[in-house]
Amino acid sequence: MSKAKKSRVLSGVQPTGDVHLGNYLGAFSSWVQAQDTTESLFCIVDLHALTVEIDPGELRSNTIEMAKYLLACGLDPEKCAIFVQSQVPEHTYLTWLLECTATMGELNRMTQFKDKGRGNDSVKVGLFTYPVLMAADILAYNADLVPVGEDQKQHLELARNIAIRFNSRYGETFVVPDPLIPKVGARVMDLQTPTSKMSKSTSSPQGILYLSDTPEQIDKKVRRAVTDNDAEVFYDPHNKPGVSNLLELLGCATGENVDELATKYTSYGPLKADTAEALTELLRPVQARIKELSDNESYVLEVLERGRVRASELARATVDRASQAVGLLPAKTIQGIGGH
Ligand code: TRP
């Protein structure tokens with residue numbers, strides 16, 4: 001009996017320096033789960049990081065740092081490929097083919113660009129075409145499933161539409177990807193503004209729990225987390241966003257159900273104390289692993305090299321097919337001419 005083909009998963013993360021709990025519980029934990037049952041590829045999208053002003057030295061160190069965090073959070077290079085986007089030039093090549101498939105109208109409708117760049121003449125062209133590069137990341141691997149947060153769903157929808165249009169114009173070339181809604185993990189909200197997602201670009205430093213935070217920092221931030229003043233503990237993200245966020249964090253850290261957890265508390269103090277302690281315990285092994293990896297950076301580079309080799313092999317095949325489908329000549333048209 002032939003075994004059913006595993007579905008292929010691809011996701012990406014920008015190389016930001018300070019990795020936070022939203023990255024871990026909202027994204028990486030579902031990636032860790034995916035690597036056991038699917039063929040998974042995870043990409044550190046350094047080219048996407050160039051769409052906004054960034055110091056070259058910082059970009060370099062953030063890229064390595066992100067690789068360490070992915071490993072420390074549980075990605076296993078025996079089970080998945082971890083690689084750096086710019087090291088697989090097929091992504092940028094395919095972006096051009098897809099830019100000649102996507103329309104201005106489509107990109108104009110992207111809400112992330114509207115929020116960040118619309119109407120600003122000094123905004124980079126790359127920020128506008130960002131979603132096409134993201135589509136290339138996905139389509140180059142013929143990914144079936146793409147784990148993404150709510151904020152990236154519109155970009156994934158664009159990737160689907162580009163794939164469908166390309167296939168109908170030039171013949172079946174790309175797999176049309178589906179979003180993967182994580183079964184594990186949480187929507188981690190800002191501790192100070194619990195109605196918005198914990199995110200480096202929008203949160204205040206007090207609202208974000210970094211994976212590198214000390215137990216004292218965690219304790220301080222959790223104790224100062226915004227709640228409300230009716231002093232009752234129950235899970236209701238709409239009416240009690242702050243308390244619900246704490247319950248969700250505690251639930252994620254302990255593996256317990258949020259509604260059951262809520263019944264154990266009658267005031268906010270103990271809920272905050274237990275949440276801070278559980279998060280400290282959750283981060284302890286991650287921080288220990290980061291330290292080990294920092295002492296062994298050549299291992300991290302080896303992992304990225306293995307990832308690059310695997311990713312290049314897959315992307316090359318798809319990009320060759322796409323390139324010939326649109327009518328470009330193969331790189332080598334006649335064997336033996338000009339060869340040494
Ligand atoms: N744009 C995504 C983000 O900011 C990151 C990303 C780039 C991505 N390429 C991707 C996510 C491909 C999924 C698949 O979160």
Side-chain angles (χ1 to χ4, degrees), residues 7-20 22-31 34-35 38-52 54 59 62-63 66-67 69-70 75 80-92 94-95 98-99 102 107 110-117 124 126-163 174-182 185 187-188 197-203 307 311 314-315 318:
S7 40
R8 188 176 289 162
V9 165
L10 179 129
S11 199
V13 63
Q14 289 208 32
T16 53
D18 300 313
V19 180
H20 57 69
N23 300 124
Y24 181 21
L25 299 177
F28 304 163
S29 62
S30 74
W31 297 7
Q35 70 180 346
T38 64
E39 184 190 351
S40 310
L41 297 126
F42 301 110
C43 180
I44 302 172
V45 295
D46 55 348
L47 295 170
H48 277 110
L50 292 174
T51 55
V52 292
I54 183 163
L59 177 57
N62 285 357
T63 302
M66 183 53 83
Y69 272 104
L70 293 178
L75 287 186
C80 68
I82 304 170
F83 68 101
V84 176
Q85 185 186 36
S86 65
Q87 295 188 326
V88 183
E90 281 74 11
H91 290 233
T92 42
L94 183 58
T95 299
L98 302 183
E99 278 177 4
L107 291 188
M110 295 292 117
T111 56
Q112 199 166 68
F113 181 76
K114 282 190 202 169
D115 295 345
K116 289 191 184 171
K124 305 294 182 285
L127 194 68
F128 184 64
T129 58
Y130 175 116
V132 188
L133 177 58
M134 177 165 163
D137 297 340
I138 299 166
L139 302 184
Y141 299 96
N142 281 318
D144 303 291
L145 296 168
V146 182
V148 278
E150 211 49 56
D151 60 324
Q152 295 296 318
K153 279 209 182 130
Q154 198 190 22
H155 291 164
L156 185 65
E157 196 55 38
L158 175 75
R160 288 174 54 86
N161 290 336
I162 293 177
F174 299 120
V175 168
V176 180
D178 282 308
L180 178 67
I181 310 304
R187 198 167 142 76
V188 179
K197 200 172 118 167
M198 188 179 285
S199 144
K200 209 186 157 194
S201 53
T202 53
S203 300
L314 294 169
T318 320

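Side chains included, hydrogens not; waters and symmetry mates left out as well; all remaining heavy atoms used. Whatever order the structure lists them in is the order used to number ligands and atoms, beginning at 1. Bear in mind that the values here come from a model prediction, so they are computed numbers and not experimental data.
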Centres of the F113 and H155 rings: under 6.0 Å?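 They do not qualify: ring centres at least 6.0 Å apart.
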Verify the ring-centre separation between F42 and Y69: is it less than 6.0 angstrom?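 For Y69 and F42, the ring centres are not under 6.0 Å apart.
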Heavy-atom donor-acceptor pair, N23 side chain to H20 backbone, under 3.5 Å: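 Flag set: sc N23 to bb H20 pair under 3.5 Å.
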Side chains of S7 and E39: donor-acceptor distance under 3.5 Å anywhere?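 No, no side-chain donor-acceptor contact under 3.5 Å.
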Going by distance alone, is a donor N or O of one side chain under 3.5 Å from an acceptor N or O of the other, for T63 and D46?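 Per modelled atom types, T63 and D46 side chains form no pair under 3.5 Å.
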If the criterion is any heavy atom closer than 4.0 Å to an atom of ligand 1, which residues make the list?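 Around ligand 1, where the cutoff is 4.0 Å for heavy atoms, the contacting residues are L10, S11, G12, V45, H48, Y130, M134, D137, I138, V146, V148, Q152.
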Can you name the residues that form a side-chain hydrogen bond (donor to acceptor under 3.5 Å, both in side chains) with Y130, not counting sequence neighbours?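 With neighbours one apart ignored, the set is Q14.
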